Structures are given as C-alpha cells and as structure tokens.
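Heads up, the thing below is written out as structure tokens.
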2 protein chains.
Amino acid sequence: MAEAVASGRDDRTAKARIRDSAIATFAAHGVEGASVRLVAEGAGVSPALVIHHFGSKEALRRACDVHVAAVIREQKREAIAAGAGLDPLAALRGAAGGLPLLRYLARTLADGTEEVAELLDELVGDAEGYLAEGVETGLLKPTAYPRQRAAVLLLWSLGALVLNEHVRRLLGADLTADLGDPEALAAAGAYFGPVLELYGQGLMDEGYARRLREALDPGPSSGSGQGPG
Amino acid sequence: MAEAVASGRDDRTAKARIRDSAIATFAAHGVEGASVRLVAEGAGVSPALVIHHFGSKEALRRACDVHVAAVIREQKREAIAAGAGLDPLAALRGAAGGLPLLRYLARTLADGTEEVAELLDELVGDAEGYLAEGVETGLLKPTAYPRQRAAVLLLWSLGALVLNEHVRRLLGADLTADLGDPEALAAAGAYFGPVLELYGQGLMDEGYARRLREALDPGPSSGSGQGPG
DNA sequence: CCGGCTCCTGAACGATCGTTTATTCTCGTG
DNA sequence: CACGAGAATAAACGATCGTTCAGGAGCCGG
C-alpha cells in the first residue's frame, strides 16, 4: 500500500502520471465532462488501470484535490521562507508544474469539495497574517474586519482566477500564464494595474463609503436594492 | 415557429416550464451533470418533449443563456429608470424570478458561452458609464484606467458570485439570497462591510501601491513572483 | 524451471446518456 | 363530424459512461 517509488530510468510512476493527466483533463473539460478513458489516454495507460489505482473516478478526483492542496501548501511554505508577497498563489505561477494546478483550481473551485474548502480556510488564515504584518509595517491600512478583509481579498483573487477566460477576453491578461514570461507579465498589467490603483486610492469618496456601510449595519427599512457590487 | 402563447387558465407554456426547469437544474447540478430526464422531471413533462421543443440539450442550454441575458438586460433597463446603484445585478436580487437566474449565472459563468460573454461585455460598458457618472459627481475617485477598472470591479462581483458557496462558508453571507429579506441583508454585511471599507480607504499605502504599479509597466528584470493578488 | 507477485490490459457488463421513431391525444377549423 | 396540425408520450436505439473480471507480461527468490 506504500507509494510506489519505481522511478528507475524513465519518468514518473504510472499512478503519478494518471494523477497528473487527471488534473490536466479535469481542468480542460471539467470533472463531469472528462471521462476516465480520456484521463487514461492522457497518461498512456488503459482505463482499467485508472480504476485499479484509485478505485473510482470520484476517488481520483479526491486524490487530485489532495495533491493540489499538498503542492500549494508546500509552495506556500517555501514562499514564506523567501518572503511572501500578497498573492498566496504567486509561488505556484513560477513553479515547475504549477500552472496545471492553477488551471485545475480555476476549474474546480466553483464545485467546492471538502478538501479545497479546507485549503481555502487555510489560505484565508495565512492572508490574515500577512495583512496584519503589512499593517504593522505601515504598508497596508488598518481595518475593522481583519479576517473578513482577508477573505474578501482572497475571494476576489480566486474569483478572477475562475473567470480567467473573461479576464483574458476583457483585459487581455491571462492569470494562469507563467508571469515569469515578460510578455505574459506585461499583459497581466492590464489586470494588476487597475487592481493596484484600487488598492492604493480606493474607489469611493470615503464619506460616501462610510455612509453606505453604516446603512448596512443597523438595518431599518432603507431603500431598495442598491448594493455596492 | 412563433412563440406559443397558450397561457390560458393555468400556468406557463410547457416550453417555458422546461426552460425554467433547465435553468434551475443546470444551476443545481451543472450543465454536464444535469440530464435531460432530470430537466423534464422538473418541468413535469417527458424527456422527448424537451428535445421536441429545443432540438437538443446544447440548444436548450443556449436558449437558457439567451433567456437569462434577456431578463438581465430588461431588469437593467428598469434599474436605469429607477436610478442605478453600482451593482449591475442588484435588480435581479429583488425581482420575482431573479434568484434562479442568479444561481444559473453563478454556475455557468466559468464555462463561458458566447452569449454570456456578450452579456459581460455589455455589463462592462454599462459599469464604465456608471463609474464615469460617479466620478463626475465626486462620489467616486478618478482613474487612469476607466474601462479596465470597470472590468475589474465587475469581475470581482461576479467572481464572488461564482464562489458563492465559499463566501457563505467563510463569511456567512449568501450573495444569491434575496437581499430584500432583512436577515439575508444583515448576513450579506459580512461581505459588503469589508468591501465598502476597501472601496472607501483602499488597501495599501498609496506610495507603496504606486511603486508596485510602476514596477509593472516598464518591465526590466524585476524581482520574482510577488503579485498583488 | 517454477510458483508467486505486481503491474497492467482487453473485453465485456450494466447503467445512463442524448436522441429518434412511431403513436396517441387535443383541439381549433372548415 | 371529419380532419389536419401541433402537443405530448412510450419505447427503444446507439453511444458512451464508470466499472468489473479474467488473465497476460515481466520479474524475482527459490
């Protein structure tokens, strides 16, 4: 039952190849839209071997979730040692096999399995810590909602990742590209530029925002649906 | 070939019932995960009638996209007459059958069909107009990227909608709930509160944000992956 | 040479899928 | 009443799905 380590002269274990192919295939077609046969073809094995190693398609999907979460956690730990930025997924973009994981996340985040939910909770906790550090050094502004602000910022980042196709069409920036590539980084500026402007100066007049916020809290019979978006 | 209008004493046309059931079923299980038989059961008809009226499952999905886009466009027009807020989807939340459409959007936005892409482009254009108005009246701050800022804000809103399940778990706010309900509105404050704080005061020290932004534009060999997230 | 073990496969099974076909039901119209 | 047209269905078809099963290929200690 131990993990196979028969990495002799050639490539990865067949089990690892199946898992990587599943991550790529699920990312490309969605979990429901990707068949076991397609995953097997991508790994160069028979469909039966996929079931033999993972038991079922659903278990394969769980294994993908666990693996993606594990890699992200490891990259995160390395990023902490190197001095983390604000983007909890930045380390993935540069990592060797990070991009398929990013695309897998982008495709499966909306489905919401238990494993990725736990990962998200963890990332929110990390982000809250990073944000608190930034506040202490004066680079970030203090907040009345430390944990909620961390959650919102992470959800915005991941939401943009999930809508990556629309980000690319509307702005020309591919968030699942390797930002080490200068061309991709320049294109990503169409997203990060206005984002940084918003992060720097905000969007609204402060008094206006405060009034809207105060209108939320007590909750008498205020006006009709005028959400802040 | 004309639209059936046999709405006599009872409810909607069977074709309309099928379309509404498809919207709800696709929203609940995803398009790939929902079968024609399930859609038919929800509409109280036979599976064959679904194909008889729409030709194929894919055509049914396109019809759902078209219908959702049409309803949103109409609600949008009414919202303009009533004086629009910043949330382009606010009108949907209060509308009679708006919630299923919202959940359909949340589930299918990531798939990216042509019809919803056109709708998104349209919504970005509208948002750019609203933002420009806000800048003129002094409620919103000016920007160097008018269209990109509109796109980013819309993508953040829709991204949070797509990740609604995580928003609910992390913050306790359900963005697909009827915000006319005071309890749901209060819960949504856990999302809109930090959002409005960010919109009001921003996130970063302005000089720090400007330095990060300038590091993006020219693009010499700057440091490794430290995205703004 | 041999039995056993692991990795792996070809072929098939039952279920479910989207869709087709033939048929019945409903009902306004001449 | 006769009749044609659309609404609606039951039943089945071929395809594909996830999964099972029996066994082959290669290797290793005896």
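Basis for what follows: all heavy atoms, side chains included, without hydrogens, waters or symmetry-related copies. In the text below, chain A, chain B and the rest are named by the order of the sequence lines, each starting its count at 1. This structure is a prediction, so every number in the text was calculated from the model and none was measured.
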How long is the line joining NE2 of A:His52 and C1' of D:dT20, in whole Å? 13 Å
Measure NE2/A:His29 against P/D:dT16 and give the value in whole Å, please. 15 Å
Closest non-hydrogen atom pair, B:Cys64 against B:Ala22: SG-CB, 3.6 Å
NA contact type, B:Ala34, heavy-atom cut-off 4.0 Å: base, sugar-phosphate, or nothing? sugar-phosphate
Taking every heavy atom of B:Ser21 against every heavy atom of B:Ala43, the minimum-distance pair comes out as OG-N, 3.5 Å
Salt-bridge contact B:Glu122-B:Lys76 (side-chain N to carboxylate O under 4.0 Å): yes
Round to the nearest Å and state the distance from B:Lys57 atom NZ to C:dT16 atom P. 15 Å
From CD of A:Glu41 across to C1' of C:dC8 the rounded distance in Å is 17 Å
Could you please name the option among C:dG18, D:dA8, C:dG10 that lies closest to any side-chain atom of A:Ser46? C:dG10
Could you tell me how far apart A:Glu32 (CD) and C:dG18 (P) are, to the nearest whole angstrom? 11 Å
Tell me whether the side-chain N/O atoms of B:His53 come closer than 4.0 Å to OP1 or OP2 in D:dA8. yes
So what does A:Ser35 touch, heavy atoms closer than 4.0 Å: a base, only the sugar-phosphate, or nothing? sugar-phosphate
A:Ala48 side chain: which of C:dC8, D:dT9, D:dT20 is closest? D:dT20
Electrostatic pair B:Asp111-B:Arg61, nearest N-O below 4.0 angstrom: yes
Side chain of B:Val36 - closest among C:dG18, D:dG18, C:dT9: C:dG18
Rounded to the nearest Å, what distance is computed from the CD1 atom of residue B:Ile51 to the P atom of nucleotide C:dT20? 7 Å
Close side-chain approach of B:His53 and B:Val45, heavy atoms under 4.5 Å: no
Could you check how far CZ of A:Phe54 sits from P of D:dT19, rounded to whole Å? 13 Å
Roughly how many Å is it from CZ in A:Arg37 to C1' in C:dA12, rounded to a whole number? 10 Å
